[in-house]
Undergrad: 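Below are the structure tokens for one structure; questions will follow.
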Number of protein chains: 2
Amino acid sequence: MSTNRRETKQRVAVSAALDQVNEFVSAQQLHSILRDTSDGVGLATVYRTLQQLAEDGEVDVVKTADNESMYRRCSRGHHHHLLCRSCRRTVEVESPSIEKWAQKVASANGFAEVDHVVEITGICADCQAR
Amino acid sequence: MSTNRRETKQRVAVSAALDQVNEFVSAQQLHSILRDTSDGVGLATVYRTLQQLAEDGEVDVVKTADNESMYRRCSRGHHHHLLCRSCRRTVEVESPSIEKWAQKVASANGFAEVDHVVEITGICADCQAR
DNA sequence: TCATACATGGGACTCATTCTCAAATATTGG
DNA sequence: CCAATATTTGAGAATGAGTCCCATGTATGA
């Protein structure tokens, strides 16, 4: 919850790696990328940093079918994902109407502190062709 | 994929337990419930059976924040969930407009075999009072 | 009743993620 | 700049859901 994050070598490295990749990566992948490239960042630290970035809204998190969290630098603003189940390609989708709908449904049922998860999956055009 | 399921003691037990509970339970919970009550069903079998029931559309599956799958006998028909993060109470929600929206967004991007996950979470009225 | 394809379960195994905690380091008041 | 202090780090152990193996058990159809 603390917004006081210290600027350590490791956090910078993780952040930089995320910029390089520019698509969804798991904590594990990021960890091995960092192992090769730079002077290495501990796995635990990679996890912690990614979680913090997610909390701060700096990265998006998506869960794969096999329960692995994938992270990607976020293009500011709330949005959802359209994910190809085959090649993992992702398209960001916005829809204010969905947000409103979620809010409405929730408060109609007396729920507060509303959050929601909306993910669409399918097989993208490229993978269909294959 | 096979619709040929044999009616074993265990499958009947799992199914019956699901009816008893009538709310979301994890495979683990179901397993320990069965251990106490009846003559026991192996954990592996509980998992298998729940997965099969899910495949056959007999149960709903929801994943908790900590990546545990929760199962509940399904009230037929596609719908979504409004879940209390505190007490796990669940409300089923229907919205044809969301379905249409997902379809539209997906095909607009060339995706086929569309599926989607929509889950709203919040704190229910009871838990707010507490 | 038999043959047999399918089902079971105990326990080993996987694998992402979290925890532990002493050592390293960023930050800050002086 | 330095010491005091609050954070952060990381290696390895621990956790825990879920899967796998495979010898044994059992519905089911002929």
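Residue numbers begin at 1 in each chain, while the letters A, B, ... track the order of the sequences. Excluded from the calculations below are hydrogen atoms, water molecules and symmetry mates; all remaining heavy atoms, backbone and side chain alike, are included.
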Undergrad: 5'-most contact on DNA chain D: B:T8 or B:Q51, nearest heavy atom basis?
TA: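 The residue whose closest nucleotide sits nearer the 5' end is B:Q51.
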Undergrad: In whole Å, I'd like the distance from the CD atom of A:Q29 to the C1' atom of C:dT17.
TA: 15 Å
Undergrad: Scan nucleotides 12-17 of chain D against the protein and return all N/O pairs shorter than 3.5 Å with their distances rounded to 0.1 Å.
TA:
residue: D:dA17; atom: OP2; partner: B:Q28; partner atom: NE2; Å: 3.4

Undergrad: Given D:dG18, D:dG10, C:dT27, identify the nucleotide with an atom nearest to the side chain of A:Q10.
TA: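 In terms of side-chain proximity for A:Q10, the closest of D:dG18, D:dG10, C:dT27 is D:dG10.
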Undergrad: Can you tell me how far the CD atom of A:E92 sits from the CZ atom of A:R72, to the nearest 0.5 Å?
TA: 4.5 Å
Undergrad: Base, sugar-phosphate or nothing for B:L43? Non-hydrogen atoms, less than 4.0 Å.
TA: nothing
Undergrad: Strictly below 4.0 Å, N to O, side chains only: are A:E55 and A:R5 in salt-bridge contact?
TA: yes
Undergrad: Could you state the atom-to-atom distance from NZ of A:K9 to C1' of D:dT9 in whole Å?
TA: 10 Å
Undergrad: Measuring from A:T64:OG1 to A:L83:CG, what's the distance to the nearest 0.5 Å?
TA: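 The distance works out to 9.0 Å.
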Undergrad: Measure up the A:H80 and A:H116 rings against each other and bin them: parallel (under 30°), tilted (30 to 60°), perpendicular (over 60°).
TA: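 If you compare the ring of A:H80 with that of A:H116, the planes turn out tilted.
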Undergrad: Quick one: are the ring centres of A:Y47 and A:H31 less than 6.0 Å apart?
TA: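 No, the ring centres sit 6.0 Å or more apart.
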Undergrad: Whether A:R11 contacts D:dT9 is assessed here as follows: a side-chain N or O lying under 4.0 Å from the phosphate OP1 or OP2. Is that the case?
TA: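 A:R11 to D:dT9 OP1/OP2: side-chain N or O found under 4.0 Å.
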Undergrad: Can you identify which nucleotide, out of C:dG9, D:dA27, C:dT27, has its nearest atom closest to the B:R6 side chain?
TA: D:dA27
Undergrad: From the options C:dT25, D:dT28, C:dG9, select the nucleotide whose nearest atom is closest to the side chain of B:V41.
TA: C:dG9
Undergrad: So what does A:R48 touch, heavy atoms closer than 4.0 Å: a base, only the sugar-phosphate, or nothing?
TA: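 Base contact.
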Undergrad: Report, as yes or no, whether the 6.0 Å neighbourhood of atom NZ on A:K63 holds more than 12 heavy atoms from other residues, nucleotides or ligands.
TA: yes
Undergrad: B:K63 has an atom NZ; how far is it from atom P of C:dT17, in whole Å?
TA: 12 Å
Undergrad: Nearest-Å distance, NE2 (A:H31) to C1' (C:dC15)?
TA: 15 Å
Undergrad: Using atom CG of B:L53 as one end and atom P of C:dA7 as the other, report the distance to the nearest whole Å.
TA: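 One finds 13 Å between P of C:dA7 and CG of B:L53, rounded.
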Undergrad: Counting any heavy atom closer than 4.0 Å, what does A:Q52 reach on the DNA or RNA strands: base, sugar-phosphate only, or nothing?
TA: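 No contact.
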Undergrad: Side chains of A:T45 and A:R11: donor-acceptor distance under 3.5 Å anywhere?
TA: no
